[in-house]
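Please read all numbers here as calculations on a predicted model, not as lab measurements.
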Amino acid sequence: MIRIRPLPSLIRLTLLLTGLLPAALAALPITPAAAQDATAAPLQITWEVRNRFRLFREERDFQLQVEAMRAGTILAAEDALEIQSDGRGWARNTVNRLCIDRSGRVSEPCTRDGVKESYLAPVDHPVTVRLAGVLPVGATCAWTFDDGQGPRQSTLDCAEPINLRVPQGHATAVTVDVSSGADAPQRVTTEIAVRDILIAGLGDSVASGEGNPDKQIALADEGFCFQSYLGGPGSEYFRPSRAGYKGGRACGSSGQLQTWQRYSAVWLNPACHRSLYSYQTRTALALAIRYPHIAVTYLPLACTGATIADGLLGSQRARECLVTKSGVDCQGKVNAQLAELRDALASAKRRQPDRKLDLVLLSVGANDIGFSELVANVIVDSGTERALFKRTGVLGSVEDSRAALTNDLPRAFSKLRGALKPLVGDLSRVIYVSYANPVLANGTVCPGGRAGFDVHPSFNANPERLNNAARFVQSEFLPRLKDLALCQSGILCRNPSSDRMTFVDAHQAAFANHGFCARASTDPEFDQACFSAKGDSFVNDPVTAASQPLVCGRGASEFRAYLPRARWIRDANDSYFAAMTYPQGLPASAQPSDIHDATWGVLSAVYGGAVHPTAEGHAAMADATLPAAISLLRLDARVPEVIQEPLLPPMEQQPAAQQPQ
């Protein structure tokens, strides 16, 4: 309750306010009528939590996002930041200033804006308090803050904000006495209670942000030689090299894999290709931006390549190694996501026994039905590669995926429910965000061909296989995921009322116009000039390609991964130009020692996020997810009524026992 005591008259005003109203009113244009109302606005105390997305160490990174979100939606904010960064991406600097390091370890304590805090169980929060309304000229404010540990007092000009820290878990009473010359003093009171929300992000590559390194790889303008599986003369081809690499670029030249890896893209977590651009991060961040009275503690745990069995419930193989100044650290294995979450919650509860998990964001199931094998079956067209990959299990058919969808995924989903229950309780607090169909543009299936996939000579999206895969995804896979999440259409749940997850798929309609083949006149100029719609973007002659691999004659260093595009799905060319991943986390038997080997040529074209959402795609997914999160967390609850009352005379303000006789 906010209590205001100005001149001697009793006025009751009931204001239905949300936490956004002050900001919304400030953004409205001032009309004469509005200006007249403003002069009558009562004084009130406003407050907000500073740097309230607690993953960020520094306020400047949070404020960058706050300013961008003035555009209205997360997608509009992403577009604005992309243009502001000249396509280099806003995360390239922020990724180095987080409370979770790049190996995935939580910094305990984490120094945020110069103050050491427990990340998982904060004991207090930084807030800024202001007096809003029409202030008398030269007014002086005597502030009192009482959190139960004794009042703190401060007197200063009423136009000045006050920065302080308030405790987690209980309210701080705030009183301000406003004095201005001979005018009668006014008193305003309120309470500050910060709600800290703990959110975990779980799932696979779509959940982790695959395809969107926090700092895109720096490519060289010169070519780098890859061999083909056929071998022999004429079997070599050149694609852009890594900037800074001084080793041999010609096939047959020496070059150590660890040296090559030093010039990799930068990820929030390279072992899992976690990215700040993921829809999960953007949703949690948007909550913090939109609601000034909360703090958001966010745990990103999703991992590219994860299945329910190998990734969420059990450990999985790492995607890439962590490159540090002292060397290359290869984890090999990544702990199970739910085990990591249990450990984090246990650590938090040791400090705060009542600490609970408020929300889980989840996307999983694609790898369980062999989606990457299905994609490989569509794009790998050369007979030699198809025969080789079929023997090694890299290619999968629609029939294989259908069998897994019918038999394996429901059983795995049931196990996942059982594992999540003890962590979150009611599974409605798990927001399952479905996938988008990646092969649609203008509402129809992409035509196929080499466009967007000519980074590798054997790639060519076969139209027939592409259509078959698109129909399976749209009519079977996506509907079945909804059934699994909502315990419907024959999916049996032990207790449907508490086992149903919250399901989000509103973004799918927008993606129907933004698949991997979508093109527009507003696409980046480099893309239009250098990524051929006919699929002939690269120079075939090895002598010429060694120094200039692009037909357009421009340098690969001009590519910008983070500029607005018609396509919200990365194609293979994007994957190579944004991340050029050598998945060193693969088994040693699958890792050729020669960095020019044909296997690295294939993997570098797809393991950086081919057929995954772009940063814009993730922003659109976050826009779809945000309303569900707001509803579950009940963040739009009404604020109590505001009351104006007269300031009591000094004698009446004292307790009776203290009044003089």
Side-chain angles (χ1 to χ4, degrees), residues 55-57 89 91-108 110-111 119 201-205 207-219 242-245 247 255-278 280-281 298-306 310-311 315-337 339-341 343-344 561 575-576 578-588 590-593 595 600 603-604 606-609 612:
L55 181 64
F56 291 173
R57 286 180 179 267
R92 70 191 189 281
N93 297 317
T94 305
V95 71
N96 298 312
R97 301 190 289 260
L98 303 175
C99 284
I100 298 177
D101 69 22
R102 294 181 57 226
S103 69
R105 287 189 293 267
V106 173
S107 298
E108 283 287 13
C110 180
T111 301
Y119 185 70
L202 303 175
D204 55 21
S205 53
S208 72
E210 176 68 277
N212 301 281
D214 298 274
K215 184 177 181 180
Q216 75 172 74
I217 194 163
L219 290 179
R242 291 182 172 184
Y245 177 69
Q256 291 187 345
L257 184 58
Q258 285 203 349
T259 302
W260 178 253
Q261 293 293 64
R262 290 183 180 276
Y263 304 96
S264 300
V266 175
W267 298 86
L268 165 60
N269 179 269
C272 286
H273 276 198
R274 291 180 195 138
S275 168
L276 289 174
Y277 294 106
S278 78
Q280 297 186 340
T281 304
Y298 170 61
L299 285 172
L301 298 171
C303 197
T304 190
D310 300 324
S315 63
Q316 68 173 97
R317 190 166 293 280
R319 174 56 52 93
E320 272 194 278
C321 303
L322 174 63
V323 178
T324 64
K325 292 181 180 179
S326 58
V328 179
D329 178 18
C330 282
Q331 298 181 28
K333 289 281 189 179
V334 177
N335 291 336
Q337 294 173 42
E340 291 281 323
L341 181 55
D343 289 347
S575 171
Y576 186 98
M580 195 195 183
T581 299
Y582 272 45
Q584 203 171 345
L586 289 174
Q591 290 187 29
S593 58
I595 61 175
W600 290 129
L603 298 179
S604 64
V606 294
Y607 268 68
H612 282 77

With a 4.5 Å limit on heavy-atom distance, are the side chains of [X] and [Y] in contact?
X: Y576; Y: S604; answer: yes
X: Q261; Y: E320; answer: yes
X: R102; Y: L268; answer: no
X: D204; Y: T304; answer: no
X: T111; Y: R57; answer: yes
X: Y582; Y: L603; answer: no

When you measure from the side chain of [X] to the backbone of [Y], do you find a donor-acceptor pair of N or O atoms at a distance under 3.5 Å?
X: S208; Y: H273; result: yes
X: S275; Y: Y277; result: yes
X: R317; Y: V334; result: no

Nearest-0.5 Å distance that lies between atom [atom1] in [X] and atom [atom2] in [Y]:
X: R92; Y: T94; atom1: CZ; atom2: OG1; value: 9.0 Å
X: D214; Y: N96; atom1: CG; atom2: CG; value: 9.0 Å
X: C99; Y: L299; atom1: SG; atom2: CG; value: 11.0 Å
X: N212; Y: W267; atom1: CG; atom2: CH2; value: 6.5 Å
X: Q216; Y: M580; atom1: CD; atom2: CE; value: 13.5 Å

Minimum heavy-atom separation for [X] to [Y], with atom names?
X: S575; Y: G609; result: OG-N, 3.3 Å
X: S315; Y: K333; result: OG-CD, 4.2 Å
X: R242; Y: I217; result: NE-CD1, 3.3 Å
X: A302; Y: A207; result: CB-CB, 3.5 Å
X: P583; Y: T581; result: CD-O, 3.4 Å
X: Q316; Y: A306; result: OE1-CB, 3.2 Å

Discussion item. Can you confirm if the NZ or CZ of R262 lies within 45° of the ring axis of Y245 and under 6.0 Å from the centre of its six-membered ring?
Written reply: no
Worksheet item: Just checking, is any N or O donor in the side chain of Y119 or S107 under 3.5 Å from an acceptor N or O on the other one?
Response: no
Practice prompt. Using distance alone, with no hydrogens and no angle criterion, decide if S205 and H612 have a side-chain donor and acceptor under 3.5 Å apart.
Written response: yes
Item to complete: Indicate yes or no: does E210 engage R319 in a salt bridge with an N to O separation below 4.0 Å.
Response: yes
Response to the item:
Exactly one of L55, N269, L301 clears side chain to side chain contact (heavy atoms under 4.5 Å, CB included) with I100, and that residue is L55
